[in-house]
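Taking it in order: structure first as structure tokens, then the write-up.
All chains are named by letter (A, B, ...) in the order of the sequence lines, taking the proteins before the strands, and each is independently numbered beginning at 1.
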2 protein chains.
Amino acid sequence: MTMSDYDELIHSLRERGHRLTPQRRLVLEALQHGDHHMSADEISQTIIAHYPSISVDPTTIYRTLRWLRDVNLVSETSLGQNHMVYALLGSDDHHHLVCENCNGVIEIDPSILEPVRRELQARYGFAARLAHISIFGLCARCQMGDAVTR
Amino acid sequence: MTMSDYDELIHSLRERGHRLTPQRRLVLEALQHGDHHMSADEISQTIIAHYPSISVDPTTIYRTLRWLRDVNLVSETSLGQNHMVYALLGSDDHHHLVCENCNGVIEIDPSILEPVRRELQARYGFAARLAHISIFGLCARCQMGDAVTR
DNA sequence: TAGCTATCTGCAAACAGTTGCATCTGTATT
DNA sequence: AATACAGATGCAACTGTTTGCAGATAGCTA
Ligand SMILES: [Mn+2]
Ligand SMILES: [Mn+2]
Ligand SMILES: [Zn+2]
Ligand SMILES: [Zn+2]
């Protein structure tokens with residue numbers, strides 16, 4: 001996202017009554033810093049590492065992440081662990097295949113879901129938010145023989 | 001599922017070292033009784049209602065539901081609430097479109113995802129468990145104007 | 001620049017689900 | 001029918017996330 005895109009976005013959010021608070025800036029900055037997905041706790045740790053004197057309550061981090069998801073800036077994804085992971089939307093577009101047996105994650109081309117998105121819009125008028133999602137199942141190796149490892 | 005299918009299933013699970021305990025029977029019975037999806041708590045309440053003298057620990061209910069999911073007897077689905085819902089697989093096949101704005105749920109024809117399932121198997125050797133899932137997004141009404149209700 | 005107010009934050013408490021561990025039991029074997 | 005033991009249960013403690021509420025503040029308005 002360019003800087004002017006960002007300014008424009010903030011402006012349009014303000015028009016709708018949203019505020020850009022220091023806490024929200026810190027969460028956004030943490031997400032930009034980490035180049036992978038991050039858990040709420042990793043975001044918290046990143047903020048502490050960069051600004052040891054500032055503290056952002058976990059509740060605020062969770063609420064900020066929900067807000068960022070709702071305004072379509074951030075994806076919220078389960079990778080089969082017992083916590084969600086968050087990532088800025090816009091670049092490194094992909095989805096995940098998550099093996100329920102070995103917990104392995106395969107990243108896949110997002111175009112595979114485009115026909116589904118189009119059909120949901122056409123048939124049900126539904127605008128699916130299919131960005132950076134997970135599909136659960138069994139990877140090739142785990143399909144043959146239940147012998148588990150990893 | 002017919003009775004002999006059921007017997008056969010139990011037999012094959014036993015062969016793989018699984019046990020059919022009273023607790024597991026009770027959870028299965030509760031799921032058969034309720035004709036919709038049920039939360040863990042609703043399953044618990046149903047068991048209490050039918051057998052006031054018996055008590056099944058919530059931990060056991062959660063573990064049983066995970067087991068039933070892993071052996072492919074039950075689906076585990078988020079409908080946008082902060083708890084999962086569970087349903088016996090096999091009949092009333094459908095998926096859900098869940099509106100993130102108004103929380104409405106639309107049930108859809110499951111065949112829409114078959115091409116995706118086939119392509120994931122062909123291209124990645126991945127056997128997707130795409131049964132009774134949810135797709136999140138915005139329903140037709142909520143796409144026009146952010147005026148929220150419901 | 002100060003005032004106003006809807007929005008946001010922090011804290012405490014609650015909730016849904018998971019994990020570790022000691023004990024118990026379903027099932028195969030005898 | 002008795003034995004043996006892998007696998008299941010219950011309890012307590014814990015983790016990740018949400019909610020209610022009182023007080024603080026971003027950003028509009030004058
Ligand atoms: Mn990813
Ligand atoms: Mn359903
Ligand atoms: Zn696997
Ligand atoms: Zn809606």
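Spacing between atom CG of A/L26 and atom C1' of C/dG10 amounts to 15 Å, rounded to whole angstrom units. Separating the CG atom of A/L65 from the P atom of C/dC8 is a distance of 15 Å, rounded to the nearest angstrom. Computed from coordinates, the A/L79 CG to D/dG16 P distance equals 15 Å when rounded to whole Å. Rounded to whole Å, atom P of C/dT19 lies 10 Å from atom CD of A/Q81. For B/L13 and D/dA8, the CG to P distance is 10 Å, given to the nearest whole Å. Protein atom CZ of A/R16 is 12 Å distant from nucleotide atom P of C/dC8, rounded to whole Å. Atoms CE (A/M84) and P (C/dA16) sit 16 Å apart, rounded to a whole Å. Rounded to whole Å, the distance from NE2 on B/H18 to P on D/dT9 is 12 Å.
Residue A/R24 has its side chain nearest to C/dC8 when only D/dT18, C/dC8, D/dG10 are considered. Here the side chain of B/T59 is nearest to one of D/dC11, D/dG16, C/dA28, namely D/dC11. Taking every side-chain heavy atom of A/Y62 into account, D/dT17 is the closest of C/dC11, D/dG27, D/dT17. In this structure, the nucleotide among D/dT9, D/dG16, C/dT9 sitting nearest to the side chain of B/Q23 is D/dT9. For A/R19, whose side chain is taken as the heavy atoms from C-beta onward, the closest listed nucleotide among D/dT19, D/dT25, D/dA12 is D/dT25.
In the interface, the side chain of A/R63 is paired with the base of C/dG10 through a donor and an acceptor atom under 3.5 Å apart.
Contacts between residues 36-47 of chain B and DNA chain C, defined by a heavy-atom separation below 4.0 Å, involve no residue at all.
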* To do: Test A/T59 against A/D57 for side-chain hydrogen bond (donor to acceptor under 3.5 Å, both in side chains), laying out the working first.
  => CA-CA 5 Å; A/T59 309; A/D57 193 88; 2.9 Å; yes
* **side-chain hydrogen bond (donor to acceptor under 3.5 Å, both in side chains) between A/Y51 and A/E29, worked out** => CA-CA 11 Å; A/Y51 303 94; A/E29 187 185 320; 2.9 Å; yes
* ring-ring contact (aromatic ring centres under 6.0 Å, His included) assessment of A/H132 paired with A/H94 -> CA-CA 6 Å; A/H132 198 253; A/H94 63 273; 4.7 Å; yes
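Each of B/L20 and B/R66 lies near DNA chain C, and the nucleotide nearest B/R66 is the one positioned closer to the 5' end. Comparing B/N82 and A/T64 by the nucleotide of DNA chain C whose heavy atom lies nearest to each, the residue mapping closer to the 5' end is A/T64.
To the nearest 0.5 Å, atom CG of residue B/D70 and atom CG of residue A/N101 are 8.5 Å apart. B/L28 contributes atom CG, which lies 14.5 Å from atom NE2 of B/H33 (distance to the nearest 0.5 angstrom). From B/R129, atom CZ reaches atom CZ of B/R117 across 10.5 Å, with rounding to the nearest 0.5 Å.
Annotation: B/H11 is not in aromatic contact with B/H18 [ring centroid separation under 6.0 Å not met].
One finds no side-chain N or O of B/T21 lying less than 4.0 angstrom from the OP1 or OP2 phosphate oxygen of C/dG26.
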